[in-house]
Number of protein chains: 2
Amino acid sequence: MTDAQRSGCPINLSLEVLGDKWSLLIIRDMMFGNRRHFRELLTKSEEGISSNILADRLKTLLEQGIITREDDPTHKQKGIYSLTEQGIELLPVLAQMAAWGYKYLPVTEELGIRARLLSEGGPKMWAEFMDELRENHLGAKRRRRSGPSVGERLQAAYESVVNGR
Amino acid sequence: MTDAQRSGCPINLSLEVLGDKWSLLIIRDMMFGNRRHFRELLTKSEEGISSNILADRLKTLLEQGIITREDDPTHKQKGIYSLTEQGIELLPVLAQMAAWGYKYLPVTEELGIRARLLSEGGPKMWAEFMDELRENHLGAKRRRRSGPSVGERLQAAYESVVNGR
DNA sequence: CTAAACCGATTGCGAATTGCAACCGGTTGC
DNA sequence: GCAACCGGTTGCAATTCGCAATCGGTTTAG
């Protein structure tokens, strides 16, 4: 994992960090699937990442300041991975990518429902979800809102599609 | 280039098409650098893609319906690559990625200015730029606007930074 | 008319990355 | 005490990547 530095273009630099088939999926699972431990990311992912790749990507994401790792007080071996502010701000990238994929690629109904809701919700919903992520990952205080959170709404919609078929 | 189909998640499907270090850079050069020929993409890129990789990615992008290729009437060997509507709608993805990279990665001043303007301009500017792309790549009629186009403004800002240092 | 430059690729090859499975020492729950 | 679980690591084969050289045809300059 060397510093390539092919150019100082922001898109290129982003791709040097995230331009592979797995890194953004790990971020996705941390954001939408609330996976925080190595095993959760390893076994509960739709796509079946292998453990060496996961370990390598987590290391890179740590080095890049996109996630942090701390020991789990309830289990000496477990680590808890959290998104940093930098990581949380990848949400708009994921949201746009999800919207594009939803529109043009053969997305399944269950896995597409989140993308649809997030796309319809627009930047306002993204900002609200990012606030929730700040609360869960950074311990930030969030001002009280009425009704279910964005995360809960997305999860409920997903389960509704899964059950109602 | 086999059909992996690891899952029907929109983010995953997008990454299966675009999840590498070069594909989105090619799109970027077509959008912002107005590169339409093989040689232009090969030699005028900041990062120095090699010809076999470029040929391979162009083939994939063609198969995926993100670009099209037609013969250049002025030169029997030249092909003209154009973005499809599907390709043009990758602009928001690139814009978000550029904004994130601009904020968190060591972007150079010259190459970051476009990202800054595009980020400040927001979705409204993106939509205008996408209309210009539709005109240039799809031959769509665009309603007349006063003043310089978004593309021209981005280019002028870039040159201004390059010259004024 | 001819030679050089240019066109979009293709080929060969060594190096790096990926994917898979087995395995590791330590920890926890039963 | 023992099986299951923890976050990884290792070995190895297969694929992909990056680079340079090359290809046959086309256009341009002199």
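What you see is a predicted model; the values in this text were computed from it and never measured. Quick note on labels: first sequence line is chain A, next is B, and so on, each numbered from 1. Reckoned from all heavy atoms, side chains included, excluding hydrogens, waters and symmetry mates.
A pairwise comparison of heavy atoms in Val150(A) and Glu132(A) identifies N-OE2, 2.7 Å as the closest pair.
Here the P atom of nucleotide dG25(D) and the CG atom of Asp71(B) are 17 Å apart, to the nearest Å. Spacing between atom NZ of Lys78(B) and atom P of dA5(C) amounts to 17 Å, rounded to whole angstrom units. The CG atom of Leu41(B) sits 13 Å away from the C1' atom of dA9(C) (whole-angstrom rounding). Separating the CG atom of Leu54(A) from the P atom of dT17(C) is a distance of 18 Å, rounded to the nearest angstrom. Per the geometry, CD belonging to Glu47(A) stands 17 Å off C1' belonging to dC20(C), to the nearest Å. At whole-Å resolution of the value, CD in Glu40(B) and C1' in dA9(C) are 16 Å apart. Remark: P of dT15(D) and CG of Asp56(B) are 15 Å apart, rounded to the nearest angstrom. Atom P of nucleotide dA9(C) and atom NZ of Lys59(B) are separated by 11 Å, given to the nearest angstrom.
Legend: residues meeting side-chain contact (heavy atoms from CB on, under 4.5 Å) with Glu47(B), ordered by chain and number and at least two apart, are Arg6(A), Ser7(A), Cys9(A), Asn12(A), Trp22(B), Leu25(B), Arg28(B), Ser45(B). Remark: Pro148(A) engages Glu152(A), Arg153(A) in a side-chain contact (heavy atoms from CB on, under 4.5 Å) (not counting sequence neighbours). For Phe32(A), the ring pair (Phe, Tyr, Trp, His ring centres under 6.0 Å) partners at least two apart in sequence or on another chain are Phe129(A).
Seen from the ring of Tyr81(A), Arg36(A) does not count as a face-on cation partner, given the 6.0 Å and 45° thresholds.
The backbone N or O of Glu159(B) lies less than 3.5 Å from a partner atom in the side chain of Asn163(B), making a donor-acceptor pair. Looking at Asp71(A), its side chain never comes within 3.5 Å of a backbone N or O of Pro73(A) through a donor-acceptor pair. The main-chain N or O of Pro10(B) is found under 3.5 Å from a side-chain atom of Ser14(B) such that the two form a donor-acceptor pair.
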Distances for protein N or O near nucleotides 18-22 of chain D N or O, under 3.5 Å:
{"unit_1": "dG18(D)", "atom_1": "OP2", "unit_2": "Trp22(B)", "atom_2": "NE1", "d": "2.8"}
{"unit_1": "dC19(D)", "atom_1": "N4", "unit_2": "Asn52(B)", "atom_2": "ND2", "d": "2.3"}

Could you list the protein-to-nucleotides 27-30 of chain C atom pairs, N/O on both sides, closer than 3.5 Å?
{"unit_1": "dT27(C)", "atom_1": "O4'", "unit_2": "Gln77(A)", "atom_2": "OE1", "d": "3.2"}
{"unit_1": "dT28(C)", "atom_1": "OP1", "unit_2": "Lys76(A)", "atom_2": "N", "d": "3.0"}

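Checking His37(A) against Asp20(B), the closest nucleotide of DNA chain D that is more toward the 5' end is the one next to His37(A).
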Atom pairs and distances, donor-acceptor, side-chain atoms in residues 94-104 of chain A, under 3.5 Å, two or more places apart:
{"unit_1": "Trp100(A)", "atom_1": "NE1", "unit_2": "Gln86(B)", "atom_2": "O", "d": "2.8"}
{"unit_1": "Lys103(A)", "atom_1": "NZ", "unit_2": "Glu89(B)", "atom_2": "OE1", "d": "2.9"}
{"unit_1": "Lys103(A)", "atom_1": "NZ", "unit_2": "Glu89(B)", "atom_2": "OE2", "d": "3.2"}
{"unit_1": "Tyr104(A)", "atom_1": "OH", "unit_2": "Glu89(B)", "atom_2": "OE1", "d": "3.3"}
{"unit_1": "Tyr104(A)", "atom_1": "OH", "unit_2": "Glu89(B)", "atom_2": "OE2", "d": "3.1"}

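Distances were taken from every side-chain heavy atom of Phe38(A) (C-beta onward) to each of dA9(C), dG7(D), dG8(C); the shortest belongs to dG7(D).
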